[in-house]
Amino acid sequence: MIELLAKRLRGVLSPEQIITDRQELRTYECDGLAQYKATPGLVVFPHTTAQCAAVVRACAEFGLPFVARGSGTGLSGGALPHAQGVLIVTSQMRSILALSIEDERAVAQPGVINLDLTRAAQPHGYHYAPDPSSQQICSIGGNVAENSGGAHCLKYGFTTNHVTGLEIVTPEGEVMELGGYAPDPPGYDLIGAFVGSEGTLGIATAVTVRLTRTAESVRTVLAAFHGTDDAGAATSAIIAAGIIPAAIEMMDALAIEAAEAAVHCGYPSGAGAVLIVELDGAQSTVDSGFVRVAELLRHHGAFEVRVAADDAERALIWKGRKSAFAAVGRISPDYLVQDGVIPRTALPGVLRRIAALSQEHGVRVANVFHAGDGNLHPLVLFDAAQEGAAERAATVSGAILDLCVEQGGSITGEHGVGVDKSAYLPRMFTADDLDTMQLLRCAFDPAGIANPGKVFPTPRMCGEARRR
Ligand SMILES: Cc1cc2nc3c(=O)[nH]c(=O)nc-3n(C[C@H](O)[C@H](O)[C@H](O)COP(=O)(O)OP(=O)(O)OC[C@H]3O[C@@H](n4cnc5c(N)ncnc54)[C@H](O)[C@@H]3O)c2cc1C
């Protein structure tokens, strides 16, 4: 069947836009979560919305699944392909279609790299605010699908707060416009439904985003604490004081050790935790906020409060944080990147319980995360060559998610459910909840061909939903 589909697509796409060679197909067998692998049946690289729609229509006609893929940096296996399906890669749809500073909007093809939007807007005094740590490589289409966040989303909001319009190809191959430059169109919030839908409601082929005025002044502070308890308490105290920093990020001792080894970021020695607090806005607001933040940090036990003196120092402070995931590879051959959310005030207690889990199972856990949002990223370290180590790491990883749910949080903050966490959804939602969500999915995708097997625990077909 896949061969017939390839034959059909050769009438729509040029030869360089289709991969059928088995060795080449293997390049696309996983995303950033390499535990799950499948060689796709076919990979295609559309250049235009029309080509994308033609590919999806052909998939619908042949009854074969398709999976969208941007840059493949996803950490939940969302872009894991199907052996008997088509992987639609948007990396050749990289044009910024419009940049309207007057409207504070940009329109991007889905393959545009996140940071390139900021680079385009920067000369005009604007930027694109959602800034995942992967922003140098991840795509806007992937950001939309995952509702991606980043360090500065504490103040500026997640991807969903910055998308005002979408052009999508529905799973039946129809091109639809949702919203546009104007905010809050009347009717059901279909943009809200699409953002974060992880490729299960169709493919975004153009994304209209807000551009954000770049602040007049930025001040970045690195505060060193003896442990995560104090750093967690300081985080809550800053927010409780009515100050909303652009970012509050935390790293614990193990994450600091890894970052130092990788990028020599010069964090204070002997720190059991560091906080990076960034304030931005009008000069006078930043200056007064900074004095208060420094007081609060010291009051909660910071033994060093270091202010970045210039852009170079600021970049070095951030380099440690932004390289932390990859840096952990230096201190452990294997690791799981976990992603969960808890209420901010629960940080000290939850971090203590993560430490206890780590001790109990003999598994090291490094914590590096968006403290201001309560969005944890425990990195669970293991050596796959040691018998039972991967299983122990998985146990700790799952127990951390249970902790998040128990605290009234969530099993994912920004990396999505994908294939990795679909089994955890029933820990947060009842069967009725899941069936109700499935109704929305079925309304977009009655044949169940858009990224099937992702997000939901049992890949029910639409006709099988319990109460339609
Ligand atoms: C080192 C590192 C750091 C990271 N830091 C962060 C972070 O700070 N915050 C954060 O949120 N994430 C982070 N991530 C995760 C990842 O970068 C984001 O989820 C990102 O948005 C994925 O973009 P992508 O282009 O790589 O998407 P892919 O991995 O290619 O795809 C991700 C999902 O989106 C779907 N998809 C892709 N394109 C489209 C489209 N056009 N239409 C519909 N569905 C589509 C895919 O089917 C899949 O389900 C990090 C990843 C790495 C490796």
Side-chain angles (χ1 to χ4, degrees), residues 33 35-36 65 67 74-80 144-149 158-161 171 187-202 336-347 349-350 353-354 357 369-370 373-378 380 394-468:
L33 184 65
Q35 281 103 308
Y36 301 93
V67 177
L75 292 172
S76 56
L80 179 75
V144 166
E146 300 288 5
N147 186 21
S148 292
F158 286 68
T159 302
T160 191
N161 304 113
Y188 295 116
D189 181 12
L190 295 180
I191 297 175
F194 195 93
V195 176
S197 61
E198 305 192 26
T200 62
L201 302 185
L336 303 172
V337 179
Q338 194 46 280
D339 167 44
V341 184
I342 52 168
R344 193 187 304 119
T345 47
L347 275 175
V350 167
R353 287 177 68 185
I354 292 176
L357 279 169
F369 60 97
H370 310 306
D373 293 313
N375 184 187
L376 302 175
H377 289 318
V380 184
T395 303
V396 169
S397 196
I400 292 173
L401 291 185
D402 286 339
L403 251 179
C404 293
V405 176
E406 179 198 304
Q407 295 291 324
S410 159
I411 59 161
T412 171
E414 54 185 19
H415 295 169
V417 177
V419 71
D420 190 42
K421 290 193 172 163
S422 57
Y424 289 98
L425 267 201
R427 301 188 190 190
M428 275 189 80
F429 299 107
T430 65
D432 281 346
D433 293 337
L434 293 171
D435 277 350
T436 307
M437 291 185 208
Q438 194 76 0
L439 291 179
L440 180 72
R441 185 179 189 165
C442 293
F444 278 80
D445 183 18
I449 60 169
N451 214 2
K454 312 292 168 61
V455 184
F456 292 98
T458 25
R460 267 183 233 242
M461 297 304 287
C462 292
E464 296 170 42
R466 282 199 300 167
R467 286 194 292 273
R468 283 218 60 177

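Model, not experiment: these values are computed from the prediction.
Legend: ring-ring contact (aromatic ring centres under 6.0 Å, His included) pairs involving residues 400-424, not counting sequence neighbours, sorted by first then second residue: H377-H415. Applying the salt bridge (Lys or Arg N to Asp or Glu O under 4.0 Å) test to pairs two or more places apart or on separate chains, none has a residue in residues 336-345.
With sequence neighbours left out, the side-chain hydrogen bond (donor to acceptor under 3.5 Å, both in side chains) criterion links Q338 to S397, K421. Residues satisfying the side-chain contact (heavy atoms from CB on, under 4.5 Å) criterion with L190, sequence neighbours excluded, are L178, Y188, F444. Qualifying side-chain hydrogen bond (donor to acceptor under 3.5 Å, both in side chains) partners for D402, counting only residues two or more places apart in sequence or in other chains: R427. Under the rule for a side-chain hydrogen bond (donor to acceptor under 3.5 Å, both in side chains), the partners of D433 that lie at least two apart in sequence or sit in another chain are T430. Checked against side-chain contact (heavy atoms from CB on, under 4.5 Å), A79 has the following partners two or more places apart in sequence or in another chain: D31, R69. Scanning for side-chain contact (heavy atoms from CB on, under 4.5 Å) contacts around T395 gives H361, with sequence neighbours left out. Evaluation of the side-chain hydrogen bond (donor to acceptor under 3.5 Å, both in side chains) rule for Q35 yields no partner, not counting sequence neighbours. Remark: S197 pairs with F194, T200, L201 by the side-chain contact (heavy atoms from CB on, under 4.5 Å) rule, at least two apart or across chains.
Within the 3.5 Å criterion, the main-chain N or O of K454 finds no donor-acceptor partner in the side chain of N451. Remark: side-chain polar atoms of N147 are not paired, donor with acceptor, to backbone N or O of E414 under 3.5 angstrom.
Within the model, atoms CG of L376 and CD1 of I342 stand 4.5 Å from one another, a figure rounded to the nearest 0.5 Å. Note that CD of E198 and OG of S76 are 5.0 Å apart. Values are rounded to the nearest 0.5 Å.
Listed here is the closest heavy atom pair of S410 and T412: OG-O, 2.8 Å. Here the shortest heavy-atom pairing between A193 and L440 reads CB-CD2, 4.0 Å. Here the closest non-hydrogen pair linking F456 and S422 is O-CB, 3.8 Å. Here the closest non-hydrogen pair linking P446 and A443 is CD-O, 4.4 Å. The two atoms that bring F369 and N375 nearest to each other are CB-O, 3.0 Å, heavy atoms only. G202 approaches A450 most closely through the heavy-atom pair N-CB, 4.3 Å.
Remark: of the listed residues L336, V350, I354, I354 is the sole one forming a side chain to side chain contact (heavy atoms under 4.5 Å, CB included) with I400.
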Next on the checklist: Pair N161, T159 - check side chain to side chain contact (heavy atoms under 4.5 Å, CB included), show working.
Outcome noted: CA-CA 5 Å; N161 304 113; T159 302; over 6 Å; no
Checklist entry - Could you go step by step and tell me if V405 and I411 meet the side chain to side chain contact (heavy atoms under 4.5 Å, CB included) rule? => result CA-CA 7 Å; V405 176; I411 59 161; 3.6 Å; yes
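Annotation: side chain of T436 is not in contact with side chain of L434 (no heavy-atom distance under 4.5 Å).
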